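Structure record follows, encoded as structure tokens.
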Amino acid sequence: MEARQIVVSEALRAALYDAARAAYPNECCGWLTATSLRPCHNAQATAAHPTTINRSAETAYVIDGDDLIAFASAFAGGDLPLAVYHSHPNGRAYFSPTDRACALDPWGDGPAYPVAHIVVGVAARGVTEVAVFAWCDEARDFVETDRWNVI
């Protein structure tokens, strides 16, 4: 089965770009459904979070606590999550080795959640590029499925 492309409205794209610009110079994070954007607190910015060792919110994101519970619970509802999103404050939209590792199911051979991953490149001047990555059974990996025109 090939990686599937997701459809995201221009209004949700604009809201996502606003979230990335507002969080800059830190990474933004959250998820979106077909009808809504759900921004999350980047727990990487919390000093007590165990993954803060050698990384800051400028170079990493963590969705945890109530945000993670809400994300997992959303799969039982009608407006299902389509994608997890985060930004790269260096201005580039790519799926890093860390992004890939965090998106994989640690106990299996595939994605941790049945969603795409959107990476928003953002710099001081604004959003620079956006790429979408989805799981591809044939490749046994996340592959780029789309690049969006930046507004």
Side-chain angles (χ1 to χ4, degrees), residues 1-45 51 57-106 108-151:
M1 180 170 136
E2 291 197 25
R4 70 179 176 93
Q5 230 172 342
I6 61 171
V7 176
V8 179
S9 72
E10 289 299 322
L12 284 179
R13 289 182 191 199
L16 176 57
Y17 301 164
D18 287 346
R21 286 190 293 267
Y24 183 85
N26 293 330
E27 291 195 13
C28 72
C29 59
W31 77 86
L32 56 87
T33 70
T35 62
S36 65
L37 187 81
R38 171 62 152 76
C40 296
H41 167 70
N42 182 353
Q44 188 71 30
T51 62
E58 291 182 27
T59 60
Y61 79 96
V62 174
I63 298 172
D64 76 349
D66 290 341
D67 287 329
L68 186 58
I69 291 169
F71 173 69
S73 298
F75 288 97
D79 197 19
L80 300 175
L82 291 178
V84 168
Y85 69 83
H86 74 281
S87 61
H88 283 176
N90 63 2
R92 301 299 314 265
Y94 61 95
F95 208 52
S96 73
T98 301
D99 295 338
R100 183 172 270 105
C102 291
L104 290 171
D105 180 353
D109 185 26
Y113 293 97
V115 296
H117 292 266
I118 301 170
V119 183
V120 180
V122 64
R125 68 183 184 279
V127 174
T128 59
E129 59 185 20
V130 181
V132 182
F133 302 87
W135 180 256
C136 175
D137 286 335
E138 184 178 319
R140 307 300 308 152
D141 200 358
F142 289 93
V143 298
E144 186 174 316
T145 60
D146 205 0
R147 284 222 164 229
W148 297 348
N149 292 326
V150 177
I151 56 173

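Since the model is a prediction, treat every value here as computed from it, not as a measurement.
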Exercise. Of all heavy-atom pairs between D79 and A34, which one has the smallest distance, and what is that distance?
Worked result: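 Heavy-atom minimum between the residues: OD1-N, 3.8 Å.
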
Exercise. Between F75 and V115, which heavy-atom pair has the shortest distance, and what is it?
Worked result: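 Taking every non-hydrogen atom into account, CZ-CG1, 3.7 Å.
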
Exercise. Just wondering, more than 12 heavy atoms not from R140 lying within 6.0 Å of its CZ?
Worked result: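 Yes, enclosed.
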
Side-chain donor or acceptor of [X] paired with backbone N/O of [Y] under 3.5 Å:
| X | Y | answer |
| --- | --- | --- |
| D146 | V132 | no |
| R21 | V127 | no |
| E129 | A93 | yes |
| S87 | C28 | yes |
| T33 | T35 | yes |
| Q44 | V62 | no |
| N26 | P89 | no |
| Q5 | T145 | yes |
| R100 | D141 | no |
| R38 | P81 | no |

Exercise. Do the rings of F142 and W135 sit parallel, tilted or perpendicular, given the 30° and 60° boundaries?
Worked result: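 Perpendicular, since the angle between the ring planes exceeds 60°.
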
Problem set entry | Residues forming a side-chain hydrogen bond (donor to acceptor under 3.5 Å, both in side chains) with D105, sequence neighbours excluded |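 For D105 there are no side-chain hydrogen bond (donor to acceptor under 3.5 Å, both in side chains) partners, ignoring immediate neighbours.
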
Note, [X] side chain near [Y] side chain (heavy atom, < 4.5 Å):
| X | Y | result |
| --- | --- | --- |
| V119 | F95 | yes |
| F133 | D99 | no |
| H88 | E27 | yes |
| L16 | W148 | yes |
| R13 | V130 | no |

Atom pair [atom1] ([X]) and [atom2] ([Y]), whose distance is rounded to the nearest 0.5 Å:
| X | Y | atom1 | atom2 | value |
| --- | --- | --- | --- | --- |
| I6 | I118 | CD1 | CD1 | 4.0 Å |
| Y85 | Y61 | OH | OH | 10.5 Å |
| S96 | H86 | OG | NE2 | 6.0 Å |
| N90 | T128 | CG | OG1 | 8.0 Å |

For this session: Could you list all the ring pair (Phe, Tyr, Trp, His ring centres under 6.0 Å) pairs where at least one residue sits in residues 19-44, not counting sequence neighbours?
Result: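 Counting only pairs at least two positions apart or across chains, the ring pair (Phe, Tyr, Trp, His ring centres under 6.0 Å) contacts touching residues 19-44 are W31-F71.
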
